[in-house]
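Heads up, the thing below is written out as structure tokens.
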Number of protein chains: 2
Amino acid sequence: MRISARTQYALGAMLALAVADRPVHAERIAVTQEIPRRFCDNILLQLRRAGLIRSQRGPDGGYWLARPAGQIALADVIRVTEGAEPPARPFSPAAAPLAEIWDRLRSHENALLSEITLADVIAAGDPRSPADASKDGGFRPSPNGLLDGGPRSTGNGSAAVGREAR
Amino acid sequence: MRISARTQYALGAMLALAVADRPVHAERIAVTQEIPRRFCDNILLQLRRAGLIRSQRGPDGGYWLARPAGQIALADVIRVTEGAEPPARPFSPAAAPLAEIWDRLRSHENALLSEITLADVIAAGDPRSPADASKDGGFRPSPNGLLDGGPRSTGNGSAAVGREAR
DNA sequence: ACCATTCCTACTATACAAGTAGGAATAATA
DNA sequence: TATTATTCCTACTTGTATAGTAGGAATGGT
């Protein structure tokens, strides 16, 4: 499970947008998430091109989520920043059964990251409210019980300002 | 789940040793596993230093497993070739809950790779015998059923020639 | 003595990750 | 319309890890 700095930053930025109730400047994201300023620009641009966030230029511009936080899975973000993985090198006959093992690991990882949404992560970090996270299949912090199955939570992530932009 | 060429090669080499019933030359391993010759040397050396295999120099020398194939988990091999992972970069407050998710992914991955032994992989690839793999918690190929729990298989991996070497 | 093999250190080449630079486009405001 | 704050875009630099190579020393069988 490789997590690049870029991906870590992108997730932080998305979470920052998810908790805000109005457009946020790149500057602010960079500071609060401790992302190098220009690199932050760079990442936000990539996220916008992928359709995960929207933006507005000029003074009073900023970024916001394209969809409610409850409808954006961690996997959605990670896929963008990590890009497509290079084709696996061919297996020798003796090592062929390993292919299936790698597949299973990838599947599990993918299933988990596709279940957990930005809203789930925020709920897990919020001192109040995490009690009812079990109801919607959300992610609960320490007292174990991750991914007990259940449908993806669909709550609006608090960041849905009515505003039209590209 | 990153798998470097080095790790893939190392696993192939270990499997090649696991199916052999006597010492195998680096040359032979390189050919059958399609590993660049000198690189193969390099990797075998690392595996020996880690105590996973033993060796003998000179004509009629070669390499063999230090322990039965049923007592060498994939994780044992991977740990050697991948080395220790670099310390994770600090999390911003908003992204803190992610730490636990990464932990769980790593744990699951580790648990799985620690359960599956070289002998299990060989059994999975072998046309005959994979039927009874379920008894010893082993890894079964396609007809699903991975990691049903159960203790690590302990069968001798067919490669235990009595021979003393460093 | 000869030869095949393992053993060891160090080196190179390439790719990718992380981050930077310079400025163009856009939009609010005065 | 000028100013200014912001996003937008391409391209560059730099560091680090991966993949693989080179040259030869040590060992052991015949």
Please tabulate, for the side chains in residues 29-36 of chain A, all donor-acceptor contacts under 3.5 angstrom to protein atoms that are two or more places apart in sequence or on a different chain.
from	atom 1	to	atom 2	distance (Å)
A/Thr32	OG1	A/Arg28	O	3.2
A/Thr32	OG1	A/Ile29	O	3.4
A/Gln33	OE1	B/Ser92	OG	2.6

For [N], take OP1 and OP2 only and decide whether either is under 4.0 Å from a side-chain N or O of [X].
| X | N | result |
| --- | --- | --- |
| A/Gln46 | D/dC8 | no |
| A/Tyr63 | D/dC8 | yes |
| B/Tyr9 | D/dA19 | no |
| B/Arg28 | C/dT6 | no |
| A/Arg48 | D/dT7 | no |
| A/Ser55 | D/dC8 | yes |

Less than 3.5 Å apart, any donor N or O on the side chain of A/Glu82 or A/Ser4 sitting next to an acceptor on the other?
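Yes, because at least one side-chain N or O of A/Glu82 sits under 3.5 Å from a partner of the opposite role on A/Ser4.
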
Set of residues satisfying ring-ring contact (aromatic ring centres under 6.0 Å, His included) with respect to B/Tyr9, sequence neighbours excluded
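Applying ring-ring contact (aromatic ring centres under 6.0 Å, His included) to B/Tyr9 gives B/Phe39.
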
Rounded interatomic separation in angstrom, taking [atom1] from [X] and [atom2] from [N]:
| X | N | atom1 | atom2 | value |
| --- | --- | --- | --- | --- |
| B/Ile43 | D/dA19 | CD1 | C1' | 9 Å |
| A/Ile3 | C/dA18 | CD1 | C1' | 16 Å |
| B/Asp41 | D/dA22 | CG | P | 13 Å |
| B/Gln8 | D/dG20 | CD | P | 12 Å |
| B/Asp60 | C/dC3 | CG | C1' | 14 Å |

Listed by chain and number, what are the salt bridge (Lys or Arg N to Asp or Glu O under 4.0 Å) partners of A/Arg37, not counting sequence neighbours?
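For A/Arg37 the salt bridge (Lys or Arg N to Asp or Glu O under 4.0 Å) partners, ignoring immediate neighbours, are A/Glu27, A/Asp41.
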
Quickly, which of B/Thr7, B/Leu52, B/Ile43 forms a side-chain contact (heavy atoms from CB on, under 4.5 Å) with B/Val80? Name it, please.
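Among B/Thr7, B/Leu52, B/Ile43, the one that satisfies the side-chain contact (heavy atoms from CB on, under 4.5 Å) with B/Val80 is B/Leu52.
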
Sugar-phosphate means primed atoms, P, OP1 and OP2; the rest is base. With that split, encode nucleotides 10-18 of chain D 5' to 3' as B, S or - using protein heavy atoms under 4.0 Å.
S-------S

Specify the residues of residues 29-39 of chain A, ordered by number, for which at least one heavy atom lies under 4.0 angstrom from an atom of DNA chain C.
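Result for residues 29-39 of chain A: A/Pro36, A/Arg38, A/Phe39, sorted by number.
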
Using the side-chain heavy atoms of B/Arg57, tell me which of these nucleotides is nearest: D/dT7, C/dA27, C/dC7.
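From the listed options, C/dC7 comes nearest.
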
Just to verify, what does A/Ser107 make a side-chain hydrogen bond (donor to acceptor under 3.5 Å, both in side chains) with, not counting sequence neighbours?
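Applying side-chain hydrogen bond (donor to acceptor under 3.5 Å, both in side chains) to A/Ser107 gives none.
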
Results of side-chain hydrogen bond (donor to acceptor under 3.5 Å, both in side chains) for A/Arg79 - residues two or more places apart only
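Testing A/Arg79 for side-chain hydrogen bond (donor to acceptor under 3.5 Å, both in side chains), a comparison that skips the adjacent residues, returns A/Asp76.
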
When you group the ILVMFWY residues by side-chain heavy-atom contacts below 4.5 Å and let the links chain together, are A/Val77 and A/Leu113 in the same group?
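Linked within one cluster.
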
Pairs in or reaching into residues 11-31 of chain B: which pass ring pair (Phe, Tyr, Trp, His ring centres under 6.0 Å), with residues at least two apart or in two chains?
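Counting only pairs at least two positions apart or across chains, no ring pair (Phe, Tyr, Trp, His ring centres under 6.0 Å) contact touches residues 11-31 of chain B.
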
Residue whose closest nucleotide on DNA chain C lies nearer the 5' end, B/Glu27 versus B/Arg89:
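First, find each residue's nearest nucleotide; the 5'-ward one identifies B/Glu27.
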
